[in-house]
Amino acid sequence: MSQTTWATNPSAMLLTVAERAARRTRRSGRRRLVLLAGLAMLAVAIVATIGAPLLISQSPTALDVLRPLAPPVASGHLLGTDQYGRDILARILYGGRIDLAIAFGATSVTLVFGTVVGLVAGYFGGWVDNLIMRIVDLFFAFPFLVLIIAIIAMLGPSIFNMFVAIWITSWVSYARIMRAQTVVAKKQQYVLAARALGYGRLRVMLRHILPNTASAVIIFSMVDAIGNIILAASLGFLGLGAQPPTPEWGTMISDGQSYILSSWWIATLPGLAIVFVGVAFSLIGDGLADVLRPGDR
Amino acid sequence: MSRFGTLPRRLVHLVVILFGITLVTFFLLRLIPGDPALAILGSSYTHQRATAIDISLGLNKPIWTQYALFMGRLFRGNLGYSFFYNAPATTVIVQHVPPTLFLVVYSAVLAGLIALPIGFISGLRRGGVVDQASRVFFTVSFAMPAFWLGIILLLIFSVHIPVFPISGFGSGFAGHLYYLFLPALTIALGFATVLVRSLRAATIATLQAEFIDTARMKGISRARVLRRHVFRNAVLAVVAVYGVNLAYLISGTVLVENVFSLPGLGSLLVNSVSDRDYPVVQGVALLFAVLIVAINLLTDVTQASLDPRVGQEIGE
Amino acid sequence: MLRAHRLRTLSLGLMAIALVSAGCSSAGSSGGSGPAAGSSTLVIANAVRVDTLDPEANSVNESIWLDQNLYSRLLQPNATGTGLLPDLATSWNISADGLTYTFHLRDARFSNGSPVTASDVVFSIDRSRKFAGGWGFLLTPVKTITARGARTVVITLSQKHAPLLADLAMYAYSIVPAKLVQSQGKAFFAHPVGSGPFYVTSYNPDSEVDLARNPHFYGTKPKISKIRVVIVPNDNTRVLMLESKKADVIENPPGNLTSQIDGTPGLHVDLFPSTRVDFIQLDEHYAPLAKLAVREALNYAIDRSAIVKLAYQGDAIAGASFMPYKMQYFDSSIAPYPYDPAKARQLLAQAGYPHGFKTFLITVSGDIAGQAEAVVVKSELAQVGITVSIQSYELLTAYAKEDGGHSEMGERYWTNDIIDPDEVATFGADCQGGANAFNSYWCSTQANNLVSQARLELNSARRQALYDQIQQIVYAQSPFIVTDYSPYRYGVGSWVKGFHVTPLGNYDLSLETLTVGQH
């Protein structure tokens with residue numbers, strides 16, 4: 001709209017404002033759709049991986065030495081077989097259990113731990129804050145890959161140790177976010193009021209600050225979930241994750257790398273599975289961002 | 001609180017962190033099973049040969065003595081001697097900086113080139129074609145593991161449609177730009193996702209702010225409003241994103257360097273851990289730490305100078 | 001709107017320029033990495049970075065093979081790996097008591113033109129044998145090494161030492177110019193000077209090492225004038241380089257791509273017999289493995305042909321004797337244990353394990369062939385009641401866990417550094433030899449004595465008899481399970497004629513006569 005229209009036609013301006021408000025409502029409806037889409041995709045992934053035995057009959061670890069490297073569809077195996085003749089579809093479905101477990105298990109622990117640490121640091125301030133944030137800085141500055149390689153080299157590669165390695169390295173982002181949020185929140189009216197009323201510090205932290213600031217970390221956790229799946233896949237890629245013959249998406253990509261020029265499906269398809277689950281978490285994150293923080297988008 | 005009064009305090013923090021890093025790296029490395037003697041001798045390992053190697057490398061001394069000697073050398077600027085390369089660790093590390101540095105800067109620039117226009121337009125024209133299409137595209141690309149994406153790009157653009165070279169660093173500036181395009185693109189796509197989101201959110205938030213309407217009603221042109229407010233807030237958001245992610249990016253180049261056979265710091269770090277080349281690992285870890293903390297500091301200072309409100313929080 | 005519009009045009013423009021210039025350079029040149037059209041440069045793609053060019057300190061195989069092109073030794077292994085050829089020494093005399101060796105040197109020069117003298121030889125060998133943790137232990141019986149004039153070197157021993165000539169042919173005892181190394185120290189090896197057929201013109205241990213023909217080389221002048229050794233750790237990338245003719249020879253293409261490479265016109269995969277012996281280490285600290293009957297059972301329960309097929313695409317040979325099959329004194333009369341699960345179950349029952357037992361197998365992560373082998377072993381041993389859990393670790397962690405005396409089963413391999421059997425016998429058959437018989441902690445005084453005797457025996461027929469005995473004992477007692485002998489695998493362009501790798505892995509001899517055609 002041109003400059004003159006604004007000045008001479010106030011009703012036009014009011015209309016624009018109303019239009020904008022209407023657009024916002026329509027958009028939030030669409031956002032909710034996004035959230036539902038993400039949840040639906042995730043539900044599909046969870047059902048498919050947990051219910052794998054009901055969906056397909058092949059075992060993910062059965063060798064079929066007579067039919068290695070069979071291409072998808074043509075050979076009777078929907079997604080083909082790997083170098084030992086193991087069915088790729090079965091390995092993707094069963095392998096998904098590990099990656100989804102990481103997405104939920106690793107993320108939830110780091111979410112809780114990091115949030116608590118950040119809350120404490122932000123609320124108490126002073127030397128507590130200083131100490132905690134210096135430790136957080138230390139973790140941030142340390143090349144996390146060395147840390148993880150070292151942890152796994154010491155503990156031995158296994159799925160559980162992958163969890164441990166991720167727990168040890170991933171909580172810091174949550175701590176930082178939560179701390180920044182808490183620092184701002186504790187100066188807000190509602191907190192000052194609560195303290196004035198005599199509520200205890202713990203109660204103020206948990207009942208007042210946390211609910212109002214949790215949205216940031218929850219949204220971040222969706223992104224982190226994707227990151228953790230990719231991290232688990234990276235560890236599998238480097239040979240530090242699940243042990244043979246246990247299927248896991250990252251290890252499958254790594255194993256399939258040597259066959260990429262002749263049998264592309266072994267490395268490519270598990271990657272698509274990662275993308276599918278990753279997109280699901282992204283959509284959930286987007287949807288949550290709108291539901292929890294309307295007007296930000 | 002003056003934003004520059006906190007600078008000395010930040011520098012003290014830097015030193016504390018670096019000290020912590022050297023301590024943790026030093027002891028963590030020695031906890032990993034297998035030592036340099038085993039790395040050197042492999043299948044021809046005998047206890048006698050291993051002992052001779054340990055003595056010559058100073059690894060038979062008590063661990064705290066080794067640490068003290070290491071710190072003493074460090075203060076004099078000496079990182080020690082690489083067990084693997086039989087050359088000073090500093091030389092080895094410096095030789096590996098150019099590919100990684102080029103890759104990181106290239107990725108950051110490519111990400112900016114992709115994300116800035118898209119993020120801006122998405123914010124200005126919410127719900128438009130660019131906005132919708134880019135959301136779909138970036139949601140998908142963000143979920144791709146970098147090493148997997150790298151392999152796919154290599155397959156398509158170096159094998160099936162041979163546009164780009166398969167590996168290596170190339171020579172000369174133009175050569176580097178050409179050779180590193182695919183690896184930089186791989187990293188840039190992940191980076192761009194976050195950039196686009198922040199930029200879009202910042203643009204929208206600023207546009208919706210009440211003062212924009214007030215300014216428009218006062219008759220200030222749209223272009224001027226954009227220039228002064230929207231653009232500025234966008235840059236602020238972008239600086240924050242670059243700052244946080246650039247640090248993460250540096251150590252994240254490892255897997256991409258492997259796929260594209262780039263002899264950078266990432267490959268050096270992984271190889272040196274595998275070969276138990278303690279001095280090099282310690283040196284690279286320290287270098288990374290310095291870079292990450294320096295970038296964080298730079299980001300904070302830039303943000304503070306652009307937005308006084310942020311400056312106050314840094315002092316916390 | 002204006003600003004965004006400008007930004008968008010600007011960014012699109014930049015990207016367009018980048019793509020166009022990319023297209024231009026790929027069309028206009030060979031991309032900066034192709035060899036000169038013609039025959040004077042050989043491009044070899046290696047999988048592993050170079051550690052050093054200092055022969056006393058080399059520990060990476062690929063670097064060792066590279067070094068062989070730069071330096072000469074007194075003697076060198078021949079192309080079949082079963083004998084020695086003169087190198088710097090044209091002839092040698094051994095005293096009647098076998099304690100004095102006199103070497104006569106040829107008139108050779110280093111790449112900087114200065115002559116190779118006896119004092120250089122003395123300096124180089126002494127330097128290397130004194131290197132901490134180096135290969136000096138091979139030369140323990142050596143008392144003195146002296147130069148007599150400029151062309152004669154005399155070595156005296158404290159006792160007879162049959163492997164001496166083979167030891168001196170080893171890469172660690174390469175000859176370097178004494179004065180330069182003394183004055184420059186370690187810095188010398190950044191641009192070393194040697195008397196081999198090639199010398200280093202550019203050294204980038206992580207990406208590329210360039211060699212040029214040594215104009216002062218004493219032997220046949222190589223047909224190629226340059227060699228580029230490029231370091232490409234990624235397997236697929238190496239294969240792609242061969243397929244796009246950016247490399248002439250590539251090391252170790254993945255086994256599953258052998259048929260693809262062979263099927264591509266103009267390319268093929270060469271398999272060179274090697275001294276590599278793949279075996280499964282058995283730690284006798286684990287009770288079941290201390291019993292001979294159990295170890296025998298394991299041998300019958302494992303189908304070596306399945307391992308050869310699945311792990312090596314059929315390109316390996318089922319293993320019998322613990323010695324590499326391409327070397328002197330190998331006993332070819334020993335046949336691999338046949339696959340007989342029924343017999344295995346019988347032996348297990350005899351040993352007191354009728355229902356088998358549980359054990360773990362350590363493998364190296366990233367070792368494709370090893371992982372395949374582990375899968376096969378696990379399923380075959382399951383059929384005789386032995387439950388194997390596969391533990392995969394990164395290389396050195398795996399080795400550390402296998403060697404400590406707390407292991408059970410583990411995958412390992414051996415390669416020779418010298419052509420003489422003394423080295424493998426000391427490490428594999430002699431529990432006092434320093435390696436606890438390949439970390440099995442198995443001990444046979446008889447075998448120990450035979451190994452020491454064979455080291456002193458200069459008569460080759462008697463030596464053969466001794467090594468035959470040692471091999472029979474190790475075969476019967478099976479302190480470890482010998483699974484197969486696997487070859488070196490190289491992808492080679494058909495325009496390259498004459499590339500040959502000896503069982504020790506050296507290819508320097510073949511580079512003296514190799515040609516690179518148009519491609």
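These values consider heavy atoms only, across backbone and side chains, with no hydrogens, waters or symmetry-generated copies. Letters A, B, ... are given to chains in the order of the sequence lines, protein chains preceding strands, and every chain is numbered from 1.
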Quiz item: Under the side-chain contact (heavy atoms from CB on, under 4.5 Å) criterion, do R49(C) and L268(B) qualify, and how do the steps go?
Solution: CA-CA 10 Å; R49(C) 57 193 180 139; L268(B) 181 64; 4.1 Å; yes

Self-check item: Where Y85(B) and D206(C) come nearest, the two heavy atoms and their spacing
Solution: OH-OD2, 2.7 Å

Quiz item: Do any pairs count as a side chain to side chain donor-acceptor pair (under 3.5 Å) and have a residue in residues 38-55 of chain B, sequence neighbours left out, and if so which ones?
Solution: none

Self-check item: Atom group of Y81(B) that falls short of 4.5 Å from chain C, counting heavy atoms
Solution: side chain

Self-check item: chain B contact via D417(C) - which portion, at a heavy-atom distance below 4.5 Å
Solution: side chain

Quiz item: Which of the residues G42(B), A174(B), S261(B) is involved in the greatest number of heavy-atom pairs with chain C at under 4.5 angstrom?
Solution: S261(B)

Quiz item: Which pair of non-hydrogen atoms, one from G133(C) and one from L41(B), has the smallest distance, and what is that distance?
Solution: O-CD2, 3.7 Å

Exercise. Side chain from CB out, backbone as N, CA, C, O: work out which of these in Y399(C) comes under 4.5 Å of a heavy atom of chain B, or both, or neither.
Key: both

Self-check item: Residue part contacting chain B, namely of L240(C), when any heavy atom lies under 4.5 Å
Solution: both

Quiz item: For N204(C), is it the side chain, the backbone, both or neither that has a heavy atom under 4.5 Å from a heavy atom of chain B?
Solution: neither

Quiz prompt | Contacting moiety of S244(C), where chain B heavy atoms sit under 4.5 Å | solution = side chain

Quiz prompt | Which atom of F84(B) lies closest to which atom of V60(C), heavy atoms considered | solution = CE1-CG2, 3.7 Å

Quiz item: Counting a contact as any heavy-atom pair under 4.5 Å apart, which residues of residues 30-40 of chain B contact chain C?
Solution: I32(B), P33(B), G34(B), L38(B), A39(B), I40(B)

